[in-house]
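Before any comments, here is the structure.
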2 protein chains.
Amino acid sequence: MFHALGDASRRGMVERLRRGPASVSELARPFAMSLPAVVQHLAVLERAGVVASHKVGRVRTYQLVPDGLVPANHWIVQQRLPQEKQLDRLGDHLATSTPTDKEH
Amino acid sequence: MFHALGDASRRGMVERLRRGPASVSELARPFAMSLPAVVQHLAVLERAGVVASHKVGRVRTYQLVPDGLVPANHWIVQQRLPQEKQLDRLGDHLATSTPTDKEH
DNA sequence: ACAATACTTAAGCATATGCTTAACCATGCG
DNA sequence: CGCATGGTTAAGCATATGCTTAAGTATTGT
């Protein structure tokens, strides 16, 4: 999922979908790349659970998955919360100079 | 930055640093890869602003950058659908950036 | 029916990524 | 000094990624 968001084009598509559902062609329009390239990007986002699509006639419409980004958000929050304590532990770590592993 | 977090090994290193600063060797220990590979991963994380390092003697110590993940978090929060506010306690929590966590 | 529209699939290609090994500094220590 | 420790640099390699063009398929409009 972080990998899916690691591409600027894909993030741009997500940002577009924030304003509402859109077809493949609509999503492709702002980008200077071929339609198959856009389709591949959307497939990555869909596999990651960030967007969903359904086809009506010959038009495939994409939209954001509700709470689709929550897993990524949750991971980030978990890393972020204990950070305040670590500033205090840095000096401690350096002062004690933890004995490194002897084996190997 | 999302790209930096898009690798499981790098996320593992961030999770390790969550419990406090660590040297390159300490960070490498849990992984079944060579030291240069770990160094490369850490360089990616450092370029992304997620971690920082300083060298003392021959030991380079890494630590999390305080609020280093905030840009990614901010982007994610902005994508959330305005239509669903009922399940939004997590996003609300993140937007206010309160250091006290009580969910989960 | 015919043609345009909206994708879809397949193949290929240049570059990026993640990893390796080998060799190389630099520091700590008996 | 001599040598182990901790890290760095360089080179190379297999695979993944992002993109392309070409050639489909399925619908819709005239």
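Remember, predicted model here, so these are calculated numbers, not experimental data. A note on names: the letters A, B, ... follow the listed sequences, proteins ahead of strands, and every chain is numbered from 1. Note: hydrogens, waters and symmetry copies are ignored here, and every other heavy atom, side chains too, is used.
Between B:Phe2 atom CZ and A:His3 atom NE2 the span is 13.5 Å, to the nearest 0.5 Å. Residue A:Leu64 holds its CG atom at 7.5 Å from CD of B:Gln79, rounded to the nearest 0.5 Å. Rounding to the nearest 0.5 Å places CG of B:Asn73 at 5.5 Å from CD1 of A:Ile76. Expressed to the nearest 0.5 Å, how far CG of B:Leu5 lies from CG of B:Leu69 amounts to 6.0 Å. To the nearest 0.5 Å, atoms CG (B:Leu45) and CD (B:Gln40) are separated by 12.5 Å. Rounded to the nearest 0.5 Å, atoms CG (A:Leu42) and CG (A:Leu17) are 7.5 Å apart.
For B:Val70, the side chain to side chain contact (heavy atoms under 4.5 Å, CB included) partners are A:Arg80, B:Asp67, not counting sequence neighbours. A:Arg47 pairs by the side chain to side chain contact (heavy atoms under 4.5 Å, CB included) definition with A:Ala43, A:Val44, not counting sequence neighbours. Shown here are the side-chain hydrogen bond (donor to acceptor under 3.5 Å, both in side chains) partners of A:Glu15, two or more places apart in sequence or in another chain: B:Trp75. The side-chain hydrogen bond (donor to acceptor under 3.5 Å, both in side chains) test applied to A:Arg11 returns no partner, not counting sequence neighbours. For B:Arg60, the side-chain hydrogen bond (donor to acceptor under 3.5 Å, both in side chains) criterion is met by B:Ser53, not counting sequence neighbours.
Atom CG of A:Leu42 is separated from atom C1' of D:dT17 by 16 Å (rounded to the nearest Å). For the pair B:His41 NE2 and C:dA16 P, the interatomic distance rounds to 18 Å; values are reported in whole Å. In this structure, B:Met33 atom CE and C:dG18 atom P are separated by 10 Å, rounded to whole Å. The nearest whole Å value for the distance from the CG atom in B:Asp7 to the C1' atom in D:dT17 is 14 Å. The interatomic distance linking A:Phe31 (CZ) with D:dT20 (P) rounds to 12 Å, in whole Å. As rounded to whole Å, 12 Å separates atom C1' of C:dC19 from atom CE of B:Met13.
Closest to the side chain of A:Ser25, from the set D:dG18, C:dA6, D:dT20, is C:dA6.
Using a 4.0 Å heavy-atom distance criterion, B:Ala32 is classed as a sugar-phosphate-only contact.
Looking at A:Met13, A:Glu46, A:Arg10 one by one, the single match for side-chain contact (heavy atoms from CB on, under 4.5 Å) with A:Val51 turns out to be A:Glu46.
The phosphate of C:dT20 (OP1 or OP2) has a side-chain N or O of B:Ser34 nearer than 4.0 angstrom. The phosphate of D:dG18 has neither OP1 nor OP2 within less than 4.0 Å of any side-chain N or O from A:Ser9. Put simply, A:His3 has no side-chain N or O that comes within less than 4.0 Å of OP1 or OP2 on D:dA16.
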Validation: residues 22-39 of chain A side-chain donor-acceptor distances under 3.5 Å, sequence neighbours left out:
unit_1: A:Ser23; atom_1: OG; unit_2: A:Glu26; atom_2: N; d: 3.2
unit_1: A:Glu26; atom_1: OE1; unit_2: A:Ser23; atom_2: N; d: 2.9

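Comparing the end axes of the helix from C:dA1-D:dT30 to C:dG30-D:dC1, each fitted to five base pairs by superposing C1' atoms of four pairs onto the next four, gives an inter-axis angle of 20° (nearest 10 degrees).
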Please tabulate, one pair per line, each protein N/O and nucleotide N/O from nucleotides 13-15 of chain C that are separated by under 3.5 Å, including the distance.
none

So which protein nitrogen or oxygen atoms get under 3.5 Å of nucleotides 8-10 of chain D's nitrogens or oxygens?
unit_1: D:dT8; atom_1: OP1; unit_2: B:Arg60; atom_2: NE; d: 2.4
unit_1: D:dT8; atom_1: OP1; unit_2: B:Arg60; atom_2: NH2; d: 3.3

Between the protein and nucleotides 28-30 of chain D, are there any N/O to N/O pairs under 3.5 Å, and if so, what are the atom names and distances?
unit_1: D:dT28; atom_1: O4'; unit_2: A:Arg58; atom_2: NH2; d: 3.3

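You'll find the side chain of B:Val56 stays beyond 4.5 Å of the side chain of B:Thr61, heavy atoms only.
Of the residues in residues 44-52 of chain A, not one comes within less than 4.0 Å of DNA chain D through any heavy atom.
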